[in-house]
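Report on the structure given below.
Just so it is clear, the values below take in all heavy atoms, side chains as well, and ignore hydrogens, waters and symmetry mates. When a ligand or atom number is given, it counts from 1 through the structure's own listing order.
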Amino acid sequence: MEKILITGGAGFIGSHVVRLFVKKYPETAIFNLDKLTYAGNLANLTDIEHHPNYHFIKGDIVDEAFVMELFEKHQFDGVIHLAAESHVDRSIANPKEFILTNIIGTVNLLNAARNFWKTDYSGKRFYHISTDEVYGSLGDEGKFLETTPYDPRSPYSASKASSDHLVRAYYHTYGLPALISNCSNNYGPNQFPEKLIPLIINNIKQRKPLPVYGKGLNIRDWLYVEDHARAIDLIFHRGGIGETYNIGGNNERQNIDIVKTLCRIMDEKLGREAGESEQLITYVTDRAGHDFRYAIDAGKLKKELLWTPEVKFDEGFELTVNWYLNNQKWLEEVTSGDYQGYYQRMYLNR
Ligand code: NAD
Ligand code: DAU
């Protein structure tokens with residue numbers, strides 16, 4: 001039986017990838033390795049936890065001996081590496097955790113794959129999931145291509161850029177069969193409410209101030225998380241070894257438009273007066289080194305692997321808001337405890 005290791009499978013994107021693989025490939029054993037940090041949550045996977053081809057392993061990719069032993073024990077045929085510290089604001093407050101997990105953790109996985117697969121790479125694949133933030137910040141024009149030079153500007157994006165370089169170095173130096181994709185901003189169910197969209201949904205619900213950094217004019221390119229998961233499936237199975245693919249939904253929006261759209265949708269759904277939630281918008285001190293604009297050219301993925309996003313932006317927004325309104329218990333659990341301290345540190349007197 002083929003065995004695939006998915007790291008970070010209890011997180012936001014990882015849980016959607018694990019679900020897709022467990023359901024679509026019942027003859028493949030799917031191992032989800034996750035440390036269950038604040039961002040990892042097994043409640044994201046309750047619907048598939050009893051599937052016979054699904055296995056959960058709690059563990060830390062920074063622990064080298066543990067990672068080596070895991071490879072020895074399970075003899076994985078492929079790796080899809082999503083585990084990471086993923087939030088830019090946390091990386092500004094505490095960069096070191098990002099260096100450990102995103103760089104050292106990736107190297108541990110690369111070494112284990114190399115060591116275990118030796119030079120018999122037939123049928124093996126190491127797929128590293130990365131971000132468009134490695135390319136830096138755009139002005140009003142242009143889009144990121146796979147050939148755009150790296151220019152990371154936050155501790156988070158610098159750690160992801162570093163891990164991308166290491167993955168490519170292992171491909172070129174040792175012939176490790178590696179692939180990389182760089183995706184734009186994801187949104188959808190199960191996203192931890194430190195990120196813009198779920199944070200604003202939660203705050204609107206609770207009639208709390210809606211913190212917009214700077215003037216709200218920064219632009220992100222949004223993709224529904226299940227479209228990202230489908231792209232990952234395609235690239236893992238059909239992508240060229242040594243290749244990089246950009247993934248994006250061609251949905252550029254200013255942050256303030258995202259926030260106002262959420263206000264409008266939620267006022268309707270919650271039976272509030274039109275315009276009520278917009279009054280909660282509060283402009284706060286900008287993020288340090290805030291990248292102005294990201295935009296992805298996903299032409300290579302579309303042309304070579306025939307990928308197209310299936311979920312239109314309005315539809316994805318509706319699905320997302322409905323999910324958070326219908327999963328009150330999930331939201332309450334992740335916003336209790338440590339989240340309260342995080343929120344105070346990040347937003348009080350900002
Ligand atoms: P997330 O923060 O929601 O989840 C990360 C997961 O990794 C969690 O389950 C966490 O417990 C696990 N993890 C963290 N440190 C670990 C460690 N040391 N050992 C084992 N597991 C550990 O992140 P996400 O938004 O789902 O992002 C997943 C991946 O996709 C990341 O590599 C991120 O850089 C990349 N990415 C994210 C986006 C986005 O918009 N969210 C866009 C492009 C790329
Ligand atoms: O582009 C891909 C990246 O997208 C991923 O690699 C990261 O893991 C992911 O976190 C995301 O990074 P961003 O920094 O773009 O996402 P975030 O949701 O934190 O912020 C989106 C925009 O909204 C950004 O311009 C900052 C702004 N913002 C964010 C928060 C949390 C606010 O104005 N207010 C907020 O409270």
Margin query: Give me the nearest non-hydrogen protein atom to atom 36 (O) of ligand 2 as residue plus atom name, then the distance to 0.1 Å.
Written below: Tyr347 OH, 2.7 Å
Next item on the list: Please confirm whether the backbone N or O of Asp227 pairs with a side-chain atom of Trp307, one donor and one acceptor, at under 3.5 Å?
Entry: yes
Notebook entry, point to check: Would you call Arg230-Glu310 a salt bridge at under 4.0 Å N-O?
Noted result: yes
Note to self: Using a 4.0 Å cutoff against the non-hydrogen atoms of Glu194, which atoms of ligand 2 qualify?
What the structure shows: 31 (C)
Next item on the list: Could you identify which residues cluster with Leu100, counting Ile, Leu, Val, Met, Phe, Trp and Tyr as linked when any side-chain heavy atoms lie under 4.5 Å apart, either directly or through a chain of such contacts?
Entry: Val62, Ile104
Notebook entry, point to check: Can you find an N/O atom of Leu199 closer than 3.5 Å to an N/O atom of ligand 2?
Noted result: no
Check: Where the closest heavy atom to atom 14 (C) of ligand 1 is concerned, which of Gly248, Gly8, Ala84, Gly59 has it?
Finding: Ala84
Note to self: Between Ile201 and Thr320, does the side-chain contact (heavy atoms from CB on, under 4.5 Å) criterion hold? Intermediate values first, please.
What the structure shows: CA-CA 9 Å; Ile201 291 174; Thr320 304; 4.2 Å; yes
Notebook entry, point to check: Considering only protein heavy atoms, which is closest to atom 1 (O) of ligand 2, and at what distance to one decimal place?
Noted result: Asp132 OD1, 2.5 Å
Note to self: Any heavy atom of Ala10 closer to ligand 1 than 4.0 angstrom?
What the structure shows: yes
Check: Is the His128-Tyr171 ring centre distance short of 6.0 angstrom?
Finding: no
Notebook entry, point to check: Counting only heavy atoms, which portion of Lys195 has something under 4.0 Å from ligand 2: side chain, backbone, both, or neither?
Noted result: both
Check: In terms of side-chain geometry, is the basic nitrogen of Asp89 or Arg287 positioned less than 4.0 Å from the acidic oxygen of its partner?
Finding: yes
Checklist line | Min side-chain heavy-atom separation Leu145-Tyr135 under 4.5 Å | finding: no
Margin query: To check your reading of the model: name the closest protein heavy atom to atom 33 (O) of ligand 2, its residue, and the distance in Å.
Written below: Tyr213 N, 2.8 Å
Note to self: For atom 12 (O) of ligand 2, what's the nearest protein heavy-atom neighbour? Residue, atom name and distance, please.
What the structure shows: Glu133 OE2, 2.8 Å
Item checked: Close N or O approach (Ser184, ligand 2; < 3.5 Å) -> no
Check: Quick one: nearest non-hydrogen protein atom to atom 27 (C) of ligand 2, plus distance?
Finding: Asn255 ND2, 3.5 Å
Next item on the list: Output yes when a side-chain donor or acceptor of Asn53 lies under 3.5 Å from a complementary backbone atom of Ile30, and no otherwise.
Entry: no
Margin query: For the 3.5 Å polar cut-off, considering only N or O atoms, please tell me whether Ile61 and ligand 1 meet it.
Written below: yes
Next item on the list: Report yes if Asn218 has an N/O atom closer than 3.5 Å to an N/O atom of ligand 2; otherwise report no.
Entry: no
Notebook entry, point to check: Hey, does Trp222 come in under 3.5 Å of ligand 2, counting only N/O atoms on both sides?
Noted result: no
Check: What is the ring orientation for Phe192 with Tyr339, classed by angle as parallel under 30°, tilted 30 to 60°, or perpendicular over 60°?
Finding: perpendicular
Next item on the list: For Cys183, counting its heavy atoms only, list the atoms of ligand 1 lying under 4.0 Å from any of them.
Entry: 42 (C), 43 (C)
Margin query: Any nitrogen or oxygen of Asn185, side chain or backbone, less than 3.5 Å from one on ligand 2?
Written below: yes
Item checked: ligand 1-proximal atoms of Leu36, by part, heavy-atom distance under 4.0 Å -> backbone
Check: Identify the closest protein heavy atom to atom 42 (C) of ligand 1: which residue and atom is it, and at what distance?
Finding: Ser184 O, 3.3 Å
Check: With backbone taken as N, CA, C and O and side chain as the heavy atoms from C-beta onward, which portion of Tyr156 lies under 4.0 Å from ligand 1: side chain, backbone, both, or neither?
Finding: side chain
Next item on the list: Indicate yes or no for a side-chain donor-acceptor contact from Thr7 to the backbone of Leu82 under 3.5 Å, with no hydrogens or angles considered.
Entry: yes
Margin query: So, regarding Leu196 and ligand 2 (criterion: nitrogen or oxygen to nitrogen or oxygen, under 3.5 Å), is there a contact or not?
Written below: yes
Check: Does the N or O separation between Tyr294 and ligand 2 drop below 3.5 Å for any pair?
Finding: no
Margin query: If you take the nearest heavy atom of each of Thr37, Ile247, Asn186, which one is closest to atom 13 (N) of ligand 1?
Written below: Thr37
Check: Does the N or O separation between Leu82 and ligand 1 drop below 3.5 Å for any pair?
Finding: yes
Check: Within the structure, does Phe12 bring an N/O atom to less than 3.5 angstrom of an N/O atom in ligand 1?
Finding: yes
Check: What is the closest protein heavy atom to atom 21 (N) of ligand 1, and at what distance does it sit?
Finding: Lys35 N, 3.1 Å
Next item on the list: Pick out which of Asp164, Asp132, Thr131 makes a side-chain hydrogen bond (donor to acceptor under 3.5 Å, both in side chains) with Asn182.
Entry: Asp164
Check: Among Leu42, Val225, Ile104, Asp34, which one has a heavy atom closest to atom 8 (C) of ligand 1?
Finding: Asp34
Check: Are Phe317 and Tyr187 close enough, and set up right, to give a ring-ring contact (aromatic ring centres under 6.0 Å, His included), and what steps lead you there?
Finding: CA-CA 8 Å; Phe317 242 53; Tyr187 71 99; 5.7 Å; yes
Next item on the list: Give a yes/no on ligand 2: does His290 have at least one heavy atom closer than 4.0 angstrom to it?
Entry: yes
Next item on the list: Please confirm whether the backbone N or O of Ile296 pairs with a side-chain atom of Asp221, one donor and one acceptor, at under 3.5 Å?
Entry: yes
Notebook entry, point to check: Are the ring centres of Phe12 and His228 closer than 6.0 Å?
Noted result: no
Next item on the list: Decide yes or no on side-chain contact (heavy atoms from CB on, under 4.5 Å) for Glu85 and Thr37, but give the supporting numbers first.
Entry: CA-CA 9 Å; Glu85 287 293 333; Thr37 67; 4.2 Å; yes
Notebook entry, point to check: Which protein non-hydrogen atom lies closest to atom 7 (C) of ligand 2, naming both residue and atom, and how far is it?
Noted result: Ser86 O, 3.5 Å
Check: Would you call Glu243-Lys300 a salt bridge at under 4.0 Å N-O?
Finding: yes
Next item on the list: Identify the protein heavy atom lying closest to atom 41 (N) of ligand 1, giving its residue, its atom name and the separation to 0.1 Å.
Entry: Ile13 CD1, 3.7 Å
Next item on the list: For atom 14 (O) of ligand 2, state which one of Arg253, Gln191, Arg287, Gln254 supplies the nearest heavy atom.
Entry: Arg287
Next item on the list: Indicate whether any N or O donor in one side chain lies under 3.5 Å from an N or O acceptor in the other, for His87 and Tyr342.
Entry: yes
Margin query: Check whether Gln254 reaches the backbone of Gly216 with its side chain - one donor and one acceptor, N or O, closer than 3.5 Å.
Written below: no
Check: Can an N or O of Asp60 be found at a distance shorter than 3.5 Å from an N or O of ligand 1?
Finding: yes
Note to self: Checking the N or O distance criterion of under 3.5 Å, is ligand 1 in contact with Lys160?
What the structure shows: yes
Next item on the list: Identify, for atom 34 (N) of ligand 2, the protein heavy atom at the shortest distance, and state residue, atom and that distance.
Entry: Pro211 O, 2.9 Å
Next item on the list: Give the residue, atom name and distance (to 0.1 Å) of the protein heavy atom nearest atom 44 (C) of ligand 1.
Entry: Ser130 O, 3.1 Å
